[in-house]
Amino acid sequence: MARPYRPGLANRLAEMLAAILAGNILFLFLEPHLPRVLQHRLFRTDWGLAMDFALCAGLYGLIRLLRRRQA
């Protein structure tokens, strides 16, 4: 049985996508200026990956906060 359409879910997915794209672009420009320990190396779990995640999560929280204030 098909699930009913939920417009709130589509909005949250759009917010998540925007936060991930903006966070990764921001990290791309910040990375050369960060200390070596916070720079991400491909295919490794390191502090740079944690920094990228923190930027994306922070931007998502900011987007949710701003959209909640509008409503």
Side-chain angles (χ1 to χ4, degrees):
M1 182 170 194
R3 293 183 182 178
Y5 175 69
R6 298 185 330 205
L9 178 63
N11 289 338
R12 280 197 311 272
L13 288 174
E15 291 169 351
M16 288 178 209
L17 179 64
I20 290 169
L21 291 175
N24 284 326
I25 290 170
L26 182 61
F27 184 73
L28 178 72
F29 288 111
L30 286 177
E31 189 177 21
H33 307 289
L34 293 173
R36 183 79 177 140
V37 70
L38 292 177
Q39 293 180 2
H40 178 58
R41 293 190 217 165
L42 282 177
F43 308 114
R44 294 195 182 182
T45 303
D46 55 10
W47 288 110
L49 187 63
M51 177 78 170
D52 186 29
F53 173 78
L55 278 172
C56 293
L59 285 174
Y60 177 69
L62 183 65
I63 290 170
R64 292 286 294 171
L65 180 69
L66 292 175
R67 287 192 48 116
R68 184 172 284 172
R69 285 192 175 186
Q70 288 178 351

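Position 1 is the first residue of the sequence, and the numbers go up from there.
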*Please report the closest heavy-atom contact between C56 and A19, naming both atoms and the distance.*
O-CB, 3.8 Å
*Would you check if the side chain of D52 reaches a backbone N or O of G48 as a donor-acceptor pair within less than 3.5 Å?*
no
*Tell me whether M16 is reachable from F27 by hopping between hydrophobic residues (I, L, V, M, F, W, Y) whose side-chain heavy atoms are closer than 4.5 Å.*
no
*From I25 atom CD1 to L55 atom CG, the distance as rounded to the nearest 0.5 Å*: 12.0 Å
Anything under 3.5 Å between a donor and an acceptor, one on a side chain of residues 60-71, the other on a protein residue two or more places apart or in another chain? List them.
from, atom 1, to, atom 2, distance (Å)
R64, NH1, E15, OE1, 3.1
R67, NE, E15, OE2, 2.7

Can you give me every donor-acceptor pair (side chain of residues 28-40, partner residue at least two apart or in another chain, under 3.5 Å) with its distance?
from, atom 1, to, atom 2, distance (Å)
E31, OE2, H40, N, 2.8
R36, NH1, Q39, OE1, 3.1
Q39, NE2, E31, O, 3.2
Q39, NE2, L34, O, 3.1
H40, ND1, D46, OD1, 2.8

